Amino acid sequence: MTKRANLIAEMNDRSREVFRRVVEGYLDSGGPVGSRTLTRSMSEKVSAATIRNVMQDLEYLGLLDSPHVSAGRVPTQLGLRLFVDGLLEVGTVTDDVRARMEHTVRSEASDVGGMLDRVGSALSGLTHGASLVLAPKHEAPVKHVEFVSLAPDRALVILVFADGQVENRVFTPPVGQTPSSLREAANFLNALAEGKTLSELRSVVEREIKLRRQELDSLAADLIENGAAFWEGEGSSYERLIVRGRANLLGDSAEAEELDRIRTLFDDLEKKRDIAEFLELTEDGEGVRIFIGSENKLFSLSGSSLVVSPYMNAERKIIGAVGVIGPTRLNYGRIVPIVDYTAQLVGRILSGKA
């Protein structure tokens, strides 16, 4: 039994109930919960003074905090973690939610990107938070590559895959690119691409560039060698991390400190950095994981909570994840089963089992 679990085991029934009701009240209202409020909801009749004494004990243990003098208590990050691990009552997914998510994933399910985009929108709508959906890497072989100049500092790479999917990625080419160097770069890649995935093609290209650099136009060689946007899809129309429902985080937050945290979170989400780390959060296996405040290494500066679950392919390999991010007072009991159900549903659809 962990030290945290011991804390709950060592509480008497009254302390456990006060703690649970303070946390549930905070998650419901977002504000401190006072002793007088608790006197009306406790299962046994106790005075406000008795409840205040219990609250002080819980504060001493580091589970509650008093943001203002005589303004009631709120759970600390440790308190929230203790509640989530030991006292959280997880609800069930309602028939309405199941029906909505089923319709979302089955509508034109062959378009994986569009399906995951719709899943993100539905998830943010159902949970009133911001949704994060990590799309799987495209592992189908590349059939054809084409470059199109859009402006002196912008170009488009069109990737046609053997399974019929097409991705368009906008990127910044090396300075001085010409139509002929773009054509030469495309011809070079197409000669190597057949039957290879993007990741396989990249290693082949690096080797061939070293052997044949003198045969290539220097601009074409630079484009192929330094085209990070082409290989990784950074800053392109193809999103691996799909973020929907940012507006839900603003809600009715009026406090400057809360708004600053939300702005910090927006900045983190806009940068979309460390996408690989987002998937690492789920690598301990199946099921939902909950990260509260600073436990969440990707968005810790904003003090947000993340509820995330991986989804798998037919070989039971983790290929992506879905999650909900928001303030620490998320409705965990309702959101956890929705995230879990959505991840399992996406996995089944992508594996062809549903």
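Source: prediction; values computed, not measured. Reckoned from all heavy atoms, side chains included, excluding hydrogens, waters and symmetry mates.
- Side chain of Ser131 to main chain of Val324: no donor-acceptor pair is present (N/O by atom type, distance under 3.5 Å, no hydrogens or angles).
- Atom NZ of Lys45 sits about 11.5 Å away from atom OG1 of Thr50, to the nearest 0.5 Å.
- Within the structure, the side chain to side chain donor-acceptor pair (under 3.5 Å) test picks out the following pairs touching residues 33-42 (sequence neighbours left out): Ser35-Arg52.
- With rounding to the nearest 0.5 angstrom, the CG atom of Asp85 is 10.5 Å from the CG atom of Leu80.
- No donor-acceptor pair under 3.5 Å is formed between the side chain of Asp65 and the backbone N or O of Val74.
- Using a 4.5 Å cut-off between side-chain heavy atoms of Ile, Leu, Val, Met, Phe, Trp and Tyr, with links allowed through other members, Tyr60 and Met55 fall into different hydrophobic clusters.
- No side-chain heavy atom of Val46 sits less than 4.5 Å from a side-chain heavy atom of Val18.
- Side chain of Ser124 to main chain of Ser121: a donor-acceptor pair is present (N/O by atom type, distance under 3.5 Å, no hydrogens or angles).
- At least one donor-acceptor pair under 3.5 Å links the side chain of Thr76 to the backbone N or O of Gly62.
- The minimum heavy-atom distance linking Ile335 with Leu330 is given by the pair CD1-CD2, 3.8 Å.
- Between Ala185 and Phe147 the shortest heavy-atom distance is CB-CE1, 3.9 Å.
- By the 4.5 Å heavy-atom criterion applied to side chains, Gln77 and Thr328 are not counted as neighbours.
- Across all non-hydrogen atoms, the minimal contact from Pro75 to Val23 is CB-CG2, 3.9 Å.
- You'll find the side chain of Ser305 reaches within 4.5 Å of the side chain of Tyr332, heavy atoms only.
- Within a 6.0 Å radius of CD in Glu102, other residues, nucleotides and ligands contribute more than 12 heavy atoms.
- Under a cut-off of 6.0 angstrom, the local environment of CD in Glu44 is crowded, with over 12 non-hydrogen atoms contributed by other residues, nucleotides or ligands.
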Item to complete: Test Val33 against Arg21 for side chain to side chain contact (heavy atoms under 4.5 Å, CB included), laying out the working first.
Response: CA-CA 8 Å; Val33 178; Arg21 291 191 182 278; over 6 Å; no
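- At distances below 3.5 Å, at least one donor-acceptor pair connects side-chain atoms of Thr127 with backbone N or O atoms of Leu123.
- Residue Arg98 places its CZ atom among more than 12 non-hydrogen atoms of other residues, nucleotides or ligands, all under 6.0 Å distant.
- Atom NZ of Lys196 has more than 12 neighbouring heavy atoms from other residues, nucleotides or ligands inside a 6.0 Å radius.
- Around atom CG of Asp95, no more than 12 heavy atoms belonging to other residues, nucleotides or ligands sit under 6.0 Å away.
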Discussion item. Show, in sequence, the C-alpha distance, side-chain angles and deciding distance for Ile292 and Phe83, and conclude whether the side chain to side chain contact (heavy atoms under 4.5 Å, CB included) test is met.
Written reply: CA-CA 11 Å; Ile292 299 170; Phe83 173 82; over 6 Å; no
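- Under a 3.5 Å cut-off, the side chain of Asp340 and the backbone N or O of Val336 do not form any donor-acceptor pair.
- To the nearest 0.5 Å, the span separating CZ on Phe291 from CZ on Arg81 amounts to 8.0 Å.
- A side-chain N or O of Ser15 and one of Asn12 form a donor-acceptor pair less than 3.5 Å apart.
- Closest approach of Asn313 to Ser351, counting heavy atoms only: C-OG, 3.0 Å.
- For Val90 against Pro337, the heavy-atom pair with the smallest separation is CG1-CD, 3.5 Å.
- A continuous path of Ile, Leu, Val, Met, Phe, Trp and Tyr side chains, each step under 4.5 Å between heavy atoms, connects Leu150 with Val166, placing both in one hydrophobic cluster.
- Side-chain contact check for Glu59 and Ser66: at least one donor-acceptor pair (N or O, by modelled atom type) lies under 3.5 Å.
- A distance of 6.5 Å separates CZ in Phe19 from CG in Leu87, rounded to the nearest 0.5 Å.
- Summarising the geometry, atom CZ belonging to Arg73 is positioned 11.5 Å from atom CD1 belonging to Ile51; distances are rounded to the nearest 0.5 Å.
- To the nearest 0.5 angstrom, Arg348 atom CZ is 11.5 Å from Leu350 atom CG.
- Scanning both residues, Met115 and Thr104, for their nearest heavy atoms gives CG-O, 4.3 Å.
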